[in-house]
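Step one of this worksheet: look at the structure below.
We number each residue from 1, following the sequence as shown. As the structure is a computational prediction, the values presented were derived from the model and not from experiment.
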Amino acid sequence: MSTATKDRIETLEEFYAYVQANGKLRTVGHAQRWTTATLLTMGTNLGKASKSALGNALPEELKAELIRFMGIAAIFRNTNLDSREFCNRVARRSRGTSDADFAKYPVQAVFGAIKRLVNSDVADTVKDDLSPELANMWEKA
């Protein structure tokens, strides 16, 4: 079974391969950069409880990116952030393209990889804490 369509992800290698394939990215290095950018941006837009639940379900390497700005996040959190602005922020952090239209592909790929890595309770907790547009994007991933 291809990593791009696999229901469960169990290793970081599978995670990054999924992001690369589904995010329309050329290399694993790009998948790693987009994953970091997405997790950093998620970290500033999730509440403490959902960020903690997600962080505890992720491997240490990914958790570190999610919680990097733990104390600052509450100050800058935008509970109504639209998906385009979220993708724009991720794109700027990715050190790649700044095209928010392209960024939706790797962002959705990271969302999908996370959902395949964590259990459904954690995924639902995250979805319920995201803004309505981001929750919709999360649901489609």
Side-chain angles (χ1 to χ4, degrees), residues 1-97 99-141:
M1 180 181 283
S2 165
T3 305
T5 59
K6 188 174 178 181
D7 289 336
R8 296 290 309 154
I9 291 176
E10 297 178 14
T11 67
L12 278 175
E13 291 78 20
E14 290 175 352
F15 185 95
Y16 290 128
Y18 181 94
V19 173
Q20 180 184 357
N22 291 281
K24 301 183 179 186
L25 301 170
R26 289 182 291 154
T27 69
V28 172
H30 291 127
Q32 291 170 331
R33 282 201 314 258
W34 280 94
T35 297
T36 295
T38 302
L39 288 170
L40 285 170
T41 307
M42 282 181 76
T44 60
N45 288 288
L46 286 174
K48 186 176 182 179
S50 58
K51 188 185 320 185
S52 180
L54 179 57
N56 290 333
L58 293 174
E60 284 302 314
E61 180 179 316
L62 300 178
K63 177 182 180 177
E65 300 302 341
L66 178 73
I67 65 170
R68 187 183 298 180
F69 302 120
M70 189 71 133
I72 300 173
I75 298 169
F76 296 106
R77 184 170 183 221
N78 181 351
T79 57
N80 294 312
L81 186 65
D82 66 46
S83 59
R84 182 163 179 80
E85 180 57 25
F86 182 87
C87 289
N88 189 32
R89 291 177 185 185
V90 172
R92 287 193 314 259
R93 278 192 168 129
S94 74
R95 300 183 326 254
T97 181
D99 181 1
D101 292 328
F102 172 78
K104 70 181 179 182
Y105 298 110
V107 167
Q108 281 191 299
V110 172
F111 282 2
I114 291 170
K115 287 172 51 178
R116 285 163 178 76
L117 186 64
V118 303
N119 69 46
S120 61
D121 290 338
V122 172
D124 289 344
T125 298
V126 170
K127 182 189 75 141
D128 292 344
D129 198 30
L130 292 170
S131 69
E133 275 193 40
L134 285 176
N136 186 39
M137 194 174 186
W138 177 267
E139 196 64 27
K140 289 179 182 178

If I take atom [atom1] from residue [X] and atom [atom2] from residue [Y], how far apart are they, to the nearest 0.5 angstrom?
X: L66; Y: T44; atom1: CG; atom2: OG1; result: 9.5 Å
X: F15; Y: E61; atom1: CZ; atom2: CD; result: 9.5 Å
X: N136; Y: S83; atom1: CG; atom2: OG; result: 8.0 Å
X: I114; Y: Y18; atom1: CD1; atom2: OH; result: 11.0 Å
X: L62; Y: I67; atom1: CG; atom2: CD1; result: 11.5 Å
X: K127; Y: E139; atom1: NZ; atom2: CD; result: 4.5 Å

Taking all non-hydrogen atoms of both residues, which atom of [X] and which atom of [Y] are closest, and how far apart?
X: N119; Y: V122; answer: OD1-N, 2.9 Å
X: P132; Y: T79; answer: CD-O, 4.2 Å
X: L12; Y: P59; answer: CD2-CG, 4.2 Å
X: E10; Y: E14; answer: N-OE1, 2.7 Å
X: A100; Y: C87; answer: O-CB, 3.7 Å
X: F111; Y: L134; answer: CE2-O, 4.3 Å

Does some side-chain heavy atom of [Y] sit less than 4.5 Å from a side-chain heavy atom of [X]?
X: T38; Y: V19; result: no
X: M137; Y: K104; result: yes
X: L117; Y: L58; result: yes

Sidechain-backbone polar pair: [X] side chain, [Y] backbone, donor-acceptor under 3.5 Å:
X: K51; Y: M42; result: no
X: Q20; Y: R26; result: yes
X: T35; Y: A31; result: yes
X: N88; Y: R84; result: no
X: R8; Y: V118; result: yes
X: R116; Y: G112; result: yes
X: K115; Y: W138; result: yes
X: D129; Y: G47; result: yes
X: E65; Y: T36; result: no
X: E85; Y: L81; result: no

- Item | Mutual orientation of the aromatic rings belonging to F102 and W34 [parallel < 30°, tilted 30-60°, perpendicular > 60°] | perpendicular
